[in-house]
Amino acid sequence: MLTHLECARCGLSHDADTVQNLCHECASPLLARYDLTRVGRPTSENSLWRYRDVLPVRDPDPAFSLGEGMTPIVPLPALSRALDAKILMKDESLIPTGSFKARGAAVGVARAKELGVEGIKMPTNGNAGAAWALYAARAGLRSVIAMPDDAPLITREEVEASGAELRIVPGTIADAAKAVADVALFDASTLREPYRIEGKKTMGYEIVEQLGWRVPDVIVYPTGGGVGLIGIHKALHEMRELGWITGPMPRLVAVQSTGCAPIVRAFDEGAAESAFWEDAYTDAFGINVPKPLGDFIILRAIRETGGTALAVDDERIEADRAECARLEGVFLCPEGAATISAVRALRANGWLAADDEVVVLNTGAGIKYPSVNRGPAPEAAPHRRN
Ligand SMILES: [Zn+2]
(Lines give C-alpha, C1' and ligand atoms only; values in the text may rest on other atoms or scores of the structure.)
Protein backbone atom coordinates (compact mmCIF):
# COMPACT_ATOMS: atom_id res chain seq x y z
CA MET A 1 0.00 0.00 0.00
CA LEU A 2 1.31 3.43 -1.06
CA THR A 3 2.29 5.53 1.96
CA HIS A 4 4.26 8.54 0.70
CA LEU A 5 6.71 9.91 -1.84
CA GLU A 6 10.38 10.24 -0.97
CA CYS A 7 12.97 12.44 -2.67
CA ALA A 8 15.63 10.30 -4.36
CA ARG A 9 18.30 12.85 -3.48
CA CYS A 10 17.53 14.49 -0.11
CA GLY A 11 15.02 11.97 1.28
CA LEU A 12 12.33 14.57 2.04
CA SER A 13 8.88 13.01 2.41
CA HIS A 14 5.96 14.26 0.28
CA ASP A 15 2.21 13.62 0.36
CA ALA A 16 1.31 10.92 -2.17
CA ASP A 17 -2.35 11.82 -2.39
CA THR A 18 -1.92 15.20 -4.02
CA VAL A 19 -0.50 15.89 -7.46
CA GLN A 20 3.31 16.08 -7.23
CA ASN A 21 6.18 16.58 -9.65
CA LEU A 22 9.70 17.10 -8.27
CA CYS A 23 10.96 17.47 -4.68
CA HIS A 24 9.84 20.77 -3.19
CA GLU A 25 13.25 21.22 -1.60
CA CYS A 26 15.83 20.16 -4.22
CA ALA A 27 13.84 19.56 -7.45
CA SER A 28 14.92 15.92 -7.74
CA PRO A 29 12.68 12.97 -8.71
CA LEU A 30 10.31 11.51 -6.11
CA LEU A 31 10.03 7.77 -5.48
CA ALA A 32 6.85 6.03 -4.30
CA ARG A 33 7.13 4.23 -0.96
CA TYR A 34 4.85 1.49 0.32
CA ASP A 35 3.94 -0.24 3.53
CA LEU A 36 5.67 -3.48 2.59
CA THR A 37 4.28 -5.32 5.62
CA ARG A 38 0.90 -5.28 3.88
CA VAL A 39 1.88 -6.74 0.51
CA GLY A 40 0.37 -9.99 -0.72
CA ARG A 41 1.73 -12.34 -3.37
CA PRO A 42 0.94 -11.51 -7.00
CA THR A 43 -2.66 -12.05 -8.10
CA SER A 44 -3.61 -14.28 -11.03
CA GLU A 45 -4.05 -11.34 -13.43
CA ASN A 46 -2.05 -11.79 -16.63
CA SER A 47 -0.79 -8.21 -16.63
CA LEU A 48 1.38 -5.93 -14.51
CA TRP A 49 -1.65 -5.31 -12.28
CA ARG A 50 -0.91 -8.69 -10.66
CA TYR A 51 1.56 -6.68 -8.49
CA ARG A 52 -1.15 -4.27 -7.39
CA ASP A 53 0.00 -4.13 -3.75
CA VAL A 54 3.25 -2.50 -4.85
CA LEU A 55 1.61 -0.18 -7.38
CA PRO A 56 0.46 3.35 -6.55
CA VAL A 57 -3.08 3.18 -7.93
CA ARG A 58 -5.33 2.75 -4.90
CA ASP A 59 -8.32 1.40 -6.76
CA PRO A 60 -7.30 0.07 -10.20
CA ASP A 61 -10.14 -0.11 -12.72
CA PRO A 62 -9.88 -3.52 -14.44
CA ALA A 63 -11.61 -2.05 -17.49
CA PHE A 64 -8.75 0.43 -18.00
CA SER A 65 -6.02 -2.16 -18.66
CA LEU A 66 -5.03 -2.98 -22.24
CA GLY A 67 -3.25 -6.13 -21.04
CA GLU A 68 0.12 -4.47 -20.46
CA GLY A 69 2.85 -6.53 -18.82
CA MET A 70 3.72 -10.21 -18.36
CA THR A 71 5.81 -10.24 -21.53
CA PRO A 72 7.75 -13.45 -22.15
CA ILE A 73 11.37 -14.21 -21.39
CA VAL A 74 12.73 -15.82 -24.54
CA PRO A 75 16.02 -17.77 -24.76
CA LEU A 76 18.35 -16.80 -27.61
CA PRO A 77 20.28 -20.06 -28.03
CA ALA A 78 21.89 -19.46 -31.42
CA LEU A 79 23.07 -15.98 -30.53
CA SER A 80 24.26 -17.31 -27.17
CA ARG A 81 26.37 -19.92 -28.97
CA ALA A 82 27.74 -17.32 -31.39
CA LEU A 83 28.78 -14.99 -28.55
CA ASP A 84 29.72 -17.75 -26.07
CA ALA A 85 27.25 -16.25 -23.60
CA LYS A 86 24.01 -17.20 -21.89
CA ILE A 87 21.36 -14.74 -23.09
CA LEU A 88 17.69 -14.50 -22.20
CA MET A 89 15.54 -11.75 -23.74
CA LYS A 90 12.70 -10.04 -21.90
CA ASP A 91 10.60 -9.18 -24.94
CA GLU A 92 8.71 -5.92 -24.51
CA SER A 93 7.64 -5.84 -28.16
CA LEU A 94 4.55 -7.85 -27.18
CA ILE A 95 2.80 -5.08 -25.32
CA PRO A 96 0.14 -2.47 -26.19
CA THR A 97 1.66 0.36 -28.32
CA GLY A 98 4.58 -1.95 -29.11
CA SER A 99 7.00 -0.58 -26.54
CA PHE A 100 7.74 -0.90 -22.84
CA LYS A 101 6.61 2.70 -22.45
CA ALA A 102 3.12 1.25 -22.09
CA ARG A 103 3.98 0.09 -18.56
CA GLY A 104 4.81 3.58 -17.34
CA ALA A 105 1.87 5.08 -19.22
CA ALA A 106 -0.68 2.57 -17.89
CA VAL A 107 0.29 3.16 -14.27
CA GLY A 108 1.09 6.87 -14.62
CA VAL A 109 -2.15 7.72 -16.42
CA ALA A 110 -4.27 5.60 -14.07
CA ARG A 111 -2.76 7.36 -11.05
CA ALA A 112 -3.08 10.83 -12.66
CA LYS A 113 -6.74 10.15 -13.32
CA GLU A 114 -7.26 8.92 -9.75
CA LEU A 115 -5.71 12.18 -8.47
CA GLY A 116 -8.09 14.24 -10.60
CA VAL A 117 -5.60 15.47 -13.22
CA GLU A 118 -7.38 16.94 -16.26
CA GLY A 119 -4.65 16.30 -18.81
CA ILE A 120 -0.94 15.64 -19.32
CA LYS A 121 1.91 17.16 -21.31
CA MET A 122 5.27 15.66 -22.16
CA PRO A 123 8.31 15.76 -24.43
CA THR A 124 9.22 12.39 -25.92
CA ASN A 125 11.55 10.57 -28.29
CA GLY A 126 8.43 8.98 -29.76
CA ASN A 127 7.36 5.79 -28.06
CA ALA A 128 6.61 7.27 -24.63
CA GLY A 129 4.50 10.00 -26.21
CA ALA A 130 2.57 7.44 -28.24
CA ALA A 131 1.93 5.30 -25.16
CA TRP A 132 0.90 8.20 -22.93
CA ALA A 133 -1.35 9.76 -25.59
CA LEU A 134 -3.14 6.46 -26.16
CA TYR A 135 -3.55 5.62 -22.48
CA ALA A 136 -4.70 9.20 -21.84
CA ALA A 137 -7.33 8.69 -24.55
CA ARG A 138 -8.47 5.52 -22.81
CA ALA A 139 -8.73 7.38 -19.50
CA GLY A 140 -10.50 10.37 -21.08
CA LEU A 141 -7.62 12.78 -20.32
CA ARG A 142 -6.30 15.51 -22.61
CA SER A 143 -2.69 15.36 -23.75
CA VAL A 144 -0.14 17.60 -25.44
CA ILE A 145 2.94 15.79 -26.77
CA ALA A 146 6.15 17.27 -28.26
CA MET A 147 8.71 15.20 -30.17
CA PRO A 148 11.81 15.79 -32.32
CA ASP A 149 11.14 15.94 -36.06
CA ASP A 150 13.15 12.77 -36.72
CA ALA A 151 11.26 10.58 -34.25
CA PRO A 152 9.84 7.38 -35.78
CA LEU A 153 6.93 8.31 -38.02
CA ILE A 154 4.64 5.67 -36.57
CA THR A 155 4.84 7.30 -33.13
CA ARG A 156 3.61 10.60 -34.62
CA GLU A 157 0.70 8.78 -36.18
CA GLU A 158 -0.21 7.10 -32.90
CA VAL A 159 -0.20 10.45 -31.09
CA GLU A 160 -2.29 12.15 -33.76
CA ALA A 161 -4.76 9.28 -33.97
CA SER A 162 -5.29 9.43 -30.20
CA GLY A 163 -6.61 12.97 -30.49
CA ALA A 164 -3.67 14.45 -28.62
CA GLU A 165 -2.14 17.76 -29.63
CA LEU A 166 1.21 17.01 -31.28
CA ARG A 167 4.10 19.49 -31.51
CA ILE A 168 7.02 18.60 -33.79
CA VAL A 169 10.31 20.39 -33.09
CA PRO A 170 13.82 20.33 -34.55
CA GLY A 171 16.51 18.97 -32.23
CA THR A 172 16.42 16.48 -29.38
CA ILE A 173 14.05 15.66 -26.52
CA ALA A 174 15.66 18.53 -24.61
CA ASP A 175 14.29 20.91 -27.29
CA ALA A 176 10.92 19.15 -27.23
CA ALA A 177 10.72 19.88 -23.49
CA LYS A 178 10.94 23.61 -24.21
CA ALA A 179 8.07 23.29 -26.70
CA VAL A 180 5.56 22.28 -24.00
CA ALA A 181 6.87 24.57 -21.25
CA ASP A 182 3.94 26.97 -21.77
CA VAL A 183 1.22 24.28 -21.59
CA ALA A 184 -0.82 24.41 -18.36
CA LEU A 185 -1.30 20.65 -17.93
CA PHE A 186 0.30 18.10 -15.58
CA ASP A 187 3.95 17.59 -16.57
CA ALA A 188 4.34 13.84 -17.14
CA SER A 189 7.87 13.95 -18.55
CA THR A 190 10.45 11.38 -17.50
CA LEU A 191 10.88 11.32 -13.70
CA ARG A 192 9.05 14.64 -13.33
CA GLU A 193 6.06 12.66 -12.20
CA PRO A 194 6.59 9.85 -9.69
CA TYR A 195 4.48 7.00 -11.07
CA ARG A 196 5.86 6.12 -14.51
CA ILE A 197 8.76 4.43 -12.75
CA GLU A 198 6.28 2.32 -10.78
CA GLY A 199 4.90 0.90 -14.02
CA LYS A 200 8.40 0.31 -15.36
CA LYS A 201 9.58 -1.44 -12.21
CA THR A 202 7.19 -4.31 -12.91
CA MET A 203 9.77 -5.53 -15.45
CA GLY A 204 11.95 -6.33 -12.43
CA TYR A 205 9.14 -8.16 -10.65
CA GLU A 206 8.33 -10.13 -13.79
CA ILE A 207 11.92 -11.15 -14.50
CA VAL A 208 12.26 -12.54 -10.98
CA GLU A 209 8.87 -14.26 -10.96
CA GLN A 210 9.35 -15.72 -14.45
CA LEU A 211 12.77 -17.11 -13.51
CA GLY A 212 11.11 -18.94 -10.60
CA TRP A 213 11.68 -16.28 -7.90
CA ARG A 214 15.39 -15.88 -8.43
CA VAL A 215 17.57 -13.24 -10.03
CA PRO A 216 19.82 -13.55 -13.10
CA ASP A 217 23.53 -12.64 -12.82
CA VAL A 218 23.28 -9.60 -15.07
CA ILE A 219 20.54 -7.38 -16.54
CA VAL A 220 21.43 -5.27 -19.60
CA TYR A 221 19.30 -2.22 -20.20
CA PRO A 222 19.40 0.32 -23.08
CA THR A 223 19.63 3.60 -21.20
CA GLY A 224 18.12 6.90 -22.28
CA GLY A 225 16.14 8.45 -19.43
CA GLY A 226 16.95 5.31 -17.45
CA VAL A 227 13.52 4.91 -15.86
CA GLY A 228 13.41 1.18 -16.51
CA LEU A 229 16.83 0.61 -14.96
CA ILE A 230 15.94 2.70 -11.92
CA GLY A 231 12.62 0.88 -11.73
CA ILE A 232 14.15 -2.60 -11.94
CA HIS A 233 16.64 -1.65 -9.23
CA LYS A 234 13.79 -0.33 -7.05
CA ALA A 235 11.83 -3.55 -7.61
CA LEU A 236 14.82 -5.65 -6.57
CA HIS A 237 15.15 -3.70 -3.33
CA GLU A 238 11.44 -4.02 -2.61
CA MET A 239 11.49 -7.76 -3.26
CA ARG A 240 14.50 -8.18 -1.01
CA GLU A 241 12.68 -6.31 1.76
CA LEU A 242 9.61 -8.46 1.14
CA GLY A 243 11.77 -11.58 1.46
CA TRP A 244 10.86 -12.65 -2.07
CA ILE A 245 14.53 -12.78 -3.11
CA THR A 246 17.80 -13.26 -1.23
CA GLY A 247 21.47 -13.19 -2.08
CA PRO A 248 23.39 -10.84 -4.34
CA MET A 249 21.66 -8.39 -6.69
CA PRO A 250 22.06 -8.86 -10.42
CA ARG A 251 24.74 -6.55 -11.85
CA LEU A 252 22.94 -3.82 -13.77
CA VAL A 253 24.44 -2.72 -17.08
CA ALA A 254 23.52 0.55 -18.81
CA VAL A 255 24.17 0.51 -22.54
CA GLN A 256 24.18 3.71 -24.58
CA SER A 257 25.16 4.71 -28.10
CA THR A 258 28.57 6.28 -28.76
CA GLY A 259 26.56 9.16 -30.25
CA CYS A 260 24.92 9.93 -26.90
CA ALA A 261 26.64 8.46 -23.86
CA PRO A 262 26.40 10.86 -20.89
CA ILE A 263 25.94 8.05 -18.36
CA VAL A 264 28.93 6.08 -19.68
CA ARG A 265 31.16 9.16 -19.54
CA ALA A 266 30.05 9.92 -15.96
CA PHE A 267 30.53 6.29 -14.94
CA ASP A 268 34.04 6.19 -16.41
CA GLU A 269 34.97 9.46 -14.70
CA GLY A 270 33.64 8.30 -11.36
CA ALA A 271 31.20 11.23 -11.37
CA ALA A 272 27.97 11.21 -9.38
CA GLU A 273 26.04 12.97 -12.17
CA SER A 274 26.25 13.28 -15.94
CA ALA A 275 27.02 16.37 -18.02
CA PHE A 276 24.92 17.43 -21.03
CA TRP A 277 26.01 15.53 -24.19
CA GLU A 278 26.42 18.03 -27.01
CA ASP A 279 25.16 17.21 -30.54
CA ALA A 280 23.61 13.94 -29.42
CA TYR A 281 22.69 11.62 -32.27
CA THR A 282 21.89 7.92 -32.57
CA ASP A 283 19.61 5.78 -34.73
CA ALA A 284 18.59 4.06 -31.50
CA PHE A 285 16.15 6.85 -30.95
CA GLY A 286 14.85 5.92 -27.54
CA ILE A 287 18.26 6.31 -25.95
CA ASN A 288 19.01 9.75 -27.42
CA VAL A 289 18.80 11.60 -24.11
CA PRO A 290 21.63 14.13 -23.63
CA LYS A 291 21.11 14.73 -19.88
CA PRO A 292 18.81 12.36 -18.00
CA LEU A 293 17.18 13.90 -14.93
CA GLY A 294 17.68 10.68 -12.99
CA ASP A 295 21.38 10.32 -13.92
CA PHE A 296 22.52 10.20 -10.28
CA ILE A 297 20.03 7.41 -9.49
CA ILE A 298 21.11 5.41 -12.56
CA LEU A 299 24.79 5.75 -11.62
CA ARG A 300 24.05 4.79 -8.02
CA ALA A 301 22.16 1.66 -9.13
CA ILE A 302 24.93 0.55 -11.49
CA ARG A 303 27.69 1.05 -8.90
CA GLU A 304 25.75 -0.45 -6.01
CA THR A 305 25.17 -3.69 -7.91
CA GLY A 306 28.71 -3.97 -9.28
CA GLY A 307 27.42 -3.26 -12.77
CA THR A 308 28.89 -1.18 -15.55
CA ALA A 309 28.07 1.27 -18.32
CA LEU A 310 29.27 1.07 -21.91
CA ALA A 311 28.64 2.64 -25.27
CA VAL A 312 28.29 0.80 -28.59
CA ASP A 313 28.22 2.41 -32.01
CA ASP A 314 25.26 2.55 -34.37
CA GLU A 315 26.92 0.37 -37.02
CA ARG A 316 27.45 -2.39 -34.45
CA ILE A 317 23.86 -2.02 -33.25
CA GLU A 318 22.50 -2.34 -36.78
CA ALA A 319 24.73 -5.36 -37.49
CA ASP A 320 23.59 -7.11 -34.31
CA ARG A 321 19.97 -6.28 -35.11
CA ALA A 322 20.40 -8.10 -38.42
CA GLU A 323 22.29 -10.98 -36.83
CA CYS A 324 19.58 -11.52 -34.21
CA ALA A 325 16.91 -11.59 -36.90
CA ARG A 326 18.97 -14.06 -38.97
CA LEU A 327 19.98 -16.37 -36.12
CA GLU A 328 16.92 -16.14 -33.90
CA GLY A 329 14.02 -14.87 -36.01
CA VAL A 330 13.73 -11.93 -33.64
CA PHE A 331 13.51 -8.44 -35.14
CA LEU A 332 14.72 -6.27 -32.30
CA CYS A 333 14.25 -2.54 -31.96
CA PRO A 334 17.60 -0.71 -32.27
CA GLU A 335 17.68 -0.06 -28.50
CA GLY A 336 17.15 -3.78 -27.91
CA ALA A 337 19.88 -4.61 -30.41
CA ALA A 338 22.24 -2.35 -28.43
CA THR A 339 21.97 -4.79 -25.52
CA ILE A 340 23.25 -7.59 -27.78
CA SER A 341 26.15 -5.37 -28.86
CA ALA A 342 26.83 -4.77 -25.17
CA VAL A 343 26.93 -8.51 -24.42
CA ARG A 344 29.30 -8.97 -27.37
CA ALA A 345 31.64 -6.24 -26.05
CA LEU A 346 31.49 -7.42 -22.43
CA ARG A 347 32.28 -11.01 -23.41
CA ALA A 348 35.18 -9.79 -25.55
CA ASN A 349 36.73 -7.82 -22.67
CA GLY A 350 36.00 -10.52 -20.10
CA TRP A 351 33.63 -8.51 -17.91
CA LEU A 352 30.97 -11.15 -18.61
CA ALA A 353 31.72 -14.80 -17.99
CA ALA A 354 30.45 -17.47 -20.38
CA ASP A 355 28.19 -18.91 -17.70
CA ASP A 356 26.78 -15.59 -16.47
CA GLU A 357 23.04 -15.67 -17.00
CA VAL A 358 22.21 -12.39 -18.75
CA VAL A 359 18.74 -10.93 -19.23
CA VAL A 360 18.62 -8.31 -22.00
CA LEU A 361 15.67 -6.00 -22.50
CA ASN A 362 14.18 -5.69 -25.97
CA THR A 363 12.28 -2.53 -25.19
CA GLY A 364 10.04 -2.40 -28.24
CA ALA A 365 8.95 -3.82 -31.56
CA GLY A 366 11.45 -3.64 -34.42
CA ILE A 367 8.62 -2.90 -36.83
CA LYS A 368 8.09 0.51 -35.20
CA TYR A 369 11.33 1.66 -36.86
CA PRO A 370 10.87 1.56 -40.65
CA SER A 371 14.16 1.99 -42.47
CA VAL A 372 12.86 4.98 -44.47
CA ASN A 373 12.51 6.86 -41.21
CA ARG A 374 15.73 5.67 -39.66
CA GLY A 375 16.78 9.30 -39.51
CA PRO A 376 19.27 11.35 -41.45
CA ALA A 377 22.98 10.64 -41.32
CA PRO A 378 24.68 12.47 -38.45
CA GLU A 379 26.15 15.20 -40.66
CA ALA A 380 22.71 15.89 -42.15
CA ALA A 381 20.82 15.84 -38.86
CA PRO A 382 18.87 19.09 -38.63
CA HIS A 383 19.86 19.78 -35.04
CA ARG A 384 23.57 19.59 -35.65
CA ARG A 385 24.81 23.12 -35.82
CA ASN A 386 28.46 22.73 -36.77
ZN1 LIG B 1 14.88 16.57 -2.37
Side-chain angles (χ1 to χ4, degrees), residues 1-36 54-58 104 107-109 111-112 114-117 120-124 128 132 173-174 177-178 180-181 183-202 204 221 223-238 240-241 249 252 254 262-263 265-267 269-277 289-305 307 309:
M1 184 199 145
L2 180 66
T3 54
H4 64 287
L5 297 167
E6 182 184 285
C7 175
R9 192 187 296 271
C10 76
L12 187 69
S13 181
H14 292 65
D15 181 6
D17 284 299
T18 54
V19 174
Q20 303 278 8
N21 285 111
L22 297 172
C23 173
H24 300 173
E25 196 61 39
C26 73
S28 297
L30 298 175
L31 300 175
R33 297 300 184 203
Y34 300 83
D35 178 358
L36 294 177
V54 286
L55 290 175
V57 185
R58 300 214 183 271
V107 173
V109 168
R111 183 61 180 153
E114 195 169 65
L115 291 172
V117 163
I120 57 114
K121 64 169 181 179
M122 64 185 297
T124 174
W132 280 75
I173 190 168
K178 293 173 198 152
V180 290
V183 177
L185 291 174
F186 179 59
D187 185 351
S189 46
T190 304
L191 293 172
R192 277 179 198 278
E193 69 82 46
Y195 301 116
R196 181 199 298 214
I197 183 176
E198 297 303 293
K200 289 282 194 76
K201 84 179 177 187
T202 56
Y221 180 82
T223 305
V227 180
L229 187 140
I230 298 169
I232 289 169
H233 185 242
K234 185 171 187 287
L236 291 165
H237 272 280
E238 287 171 0
R240 184 183 263 181
E241 203 174 323
M249 291 280 192
L252 299 181
I263 295 296
R265 185 171 60 189
F267 180 80
E269 291 171 352
E273 289 177 29
S274 67
F276 190 92
W277 190 275
V289 180
K291 170 74 170 103
L293 182 63
D295 52 3
F296 67 101
I297 322 176
I298 300 168
L299 288 159
R300 211 157 64 189
I302 297 168
R303 289 180 176 131
E304 186 206 289
T305 59

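When a ligand or atom number is given, it counts from 1 through the structure's own listing order.
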side-chain contact (heavy atoms from CB on, under 4.5 Å) with S28: which residues, sequence neighbours excluded? C7, R9, C26, F296
Using side-chain contact (heavy atoms from CB on, under 4.5 Å) as the criterion, point out the one residue from I230, L229, I302 that pairs with Y221. L229
Residues at least two apart in sequence or cross-chain that pass side-chain contact (heavy atoms from CB on, under 4.5 Å) with A177, listed by chain then number, are P123
Relative to the Zn ion (ligand 1), how many protein N, O or S atoms have a separation of less than 2.8 Å? 4
Sorted by chain and number, sequence neighbours left out, salt bridge (charged side-chain N to carboxylate O under 4.0 Å, His left out) with R303 holds for none
May I have the step-by-step check of side-chain hydrogen bond (donor to acceptor under 3.5 Å, both in side chains) for T190 and R196, ending in yes or no? CA-CA 8 Å; T190 304; R196 181 199 298 214; 3.3 Å; yes
Working note: L252 + I298, criterion side chain to side chain contact (heavy atoms under 4.5 Å, CB included); need CA distance, chi angles, decisive distance, verdict. CA-CA 9 Å; L252 299 181; I298 300 168; over 6 Å; no
